Amino acid sequence: MSLLLIAKNRDMNPWKDALLKEDPNLDVEIWPRVENKERVTFAVSWKHPYNVLDGYPNLNVVHSLGAGVDHILNDEAIATPVKIGRMVIPSLKAQMAEYVLNAIQNYRFHTSRYVDQKREGFWSRHDQVPKENCTVGILGLGEIGEVAAESLLMNGYPVLGWSRSKKEMNGIQTFSENELNSFLSHTNILVCLLPLTKETRGILELDLFKQLKQPAFLINAARGGHLIEEDLIYALDTGVLTGACLDVFEEEPLPNHHLFWNRPKIMITPHVASITDPKEASALIVENYKRSLSGMKLKYEVDRENGY
Ligand code: NAP
Ligand code: GLV
């Protein structure tokens, strides 16, 4: 039996090294140089090429290198009996919590504006956005959303959270799926930490932005497919939103000609909010590999019906 590492445009050797350090007896292959496809039962993927994995007749599991699995579920070549695993490790949650806090502080203290002003040699002061105008509403109170919410609360921000099922969290007002309107009407800073599914695709659109409390700001660190891009431009141009911080895009890398690049109200980071560390992730991958060899349920196994 062997474990396959498969990704486009990414050096997977550090992953192989980390896995072998975790268990030197593993047989690890890196796509596309695979000696024996029949021996592969477990694939670890980050944005793998589509219509390739159906060439592996004994594949039982496709495991994401990250928290998200939309890149796996969208590949029709991964048939239903194949189980899907995903990454749930402390550093992914902690990094995202820091990213969101940083994006909020940048918005409140006009950091990007001052960077632009410095480039132009221009002295001009802007009022901080007061905390009372910074109620943060988090879309998605899952593994990552929950930790981000708690960290913001500890930093003195009023925090709300929205998820399919209602959560109980100390100090955080939570809303369930059918309470979205009420959640939005109390939110100034909307943070998207949802998985990309057929229900959540395009959720960040103009009518939703219009329901936010003013002043309103958007942070999308989940997936580009959550956002209707032209609605964001319109919302920024008409004052529905004051600004936005985006880490993820429908097309990555964001193309050179894209409208977002020239918009000062949009802060852009290149999908770096939270990056999986091979050393930390290897323990979970090896555990799930061994579970799969024993026919056990995976840790953090994805529910294909829900899409996350
Ligand atoms: P998760 O544990 O699966 O949590 C997902 C949350 O979203 C849950 O609270 C779930 O509700 C909620 N949800 C799902 N569908 C919903 C719907 N239709 N309506 C309302 N709530 C819904 O996921 P996670 O590990 O926190 O990760 C979230 C996403 O972050 C990933 O899928 C990935 O796309 C993104 N991410 C991005 C980066 C980056 O670097 N930019 C890094 C890591 C992750 P229930 O709790 O009720 O099920
Ligand atoms: C990153 O985008 C992840 O899903 O972990």
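In listed order, ligands and their atoms are each counted from 1. The structure presented is a predicted model; accordingly, all values stated were derived computationally and were not measured.
- Heavy-atom separations between L196 and ligand 1 are all 4.0 Å or longer.
- For atom 47 (O) of ligand 1, the candidate residues are S165, G68, G161; the nearest heavy-atom contact is made by S165.
- Aromatic ring pairs are classed by plane angle as parallel below 30°, tilted from 30° to 60° and perpendicular above 60°; the pair Y114 and H110 is perpendicular.
- Within the structure, ligand 1 has W162 among the residues with a heavy atom less than 4.0 angstrom away.
- Of all the heavy atoms of R223, the ones lying under 4.0 Å from any atom of ligand 1 belong exclusively to the side chain.
- The backbone N or O of I275 lies less than 3.5 Å from a partner atom in the side chain of Q95, making a donor-acceptor pair.
- Distances shorter than 4.0 angstrom occur between a heavy atom of T200 and an atom of ligand 1.
- Here atom 29 (C) of ligand 1 lies nearest to L194 when heavy atoms of L194, I144, V147 are compared.
- Counting heavy atoms from C-beta outward, W15 and L65 have side chains that approach closer than 4.5 Å.
- In terms of protein heavy-atom proximity, atom 5 (C) of ligand 1 is nearest to P195 CD, 3.5 Å.
- Contact annotation: for E199 versus ligand 1, heavy atoms closer than 4.0 Å belong to the side chain alone.
- With S294 contributing its side chain and K290 its backbone, the two residues share a donor-acceptor pair below 3.5 Å.
- The shortest heavy-atom distance from G66 to ligand 1 is not under 4.0 Å.
- Ring centers of W46 and H71: under 6.0 Å apart, within the cut-off.
- Distance NZ/K167 to OG1/T174: 9.0 Å, rounded to 0.5 Å.
- In this structure, R86 has a heavy atom closer than 4.0 Å to ligand 1.
- Comparing heavy-atom distances from atom 6 (C) of ligand 1 across A67, G142, S274 singles out G142 as nearest.
- Between S163 and ligand 1, no N or O atom pair is found at a separation short of 3.5 Å.
- Residues of the protein with a heavy atom under 4.0 Å from ligand 2 are W46, G66, A67, G68, R223, H271, listed by chain and number.
- Only the side chain of V248 comes within contact range of ligand 1, with a heavy atom under 4.0 Å; no backbone atom does.
- Looking at K167 against ligand 1, only its side chain comes within 4.0 Å, counting heavy atoms.
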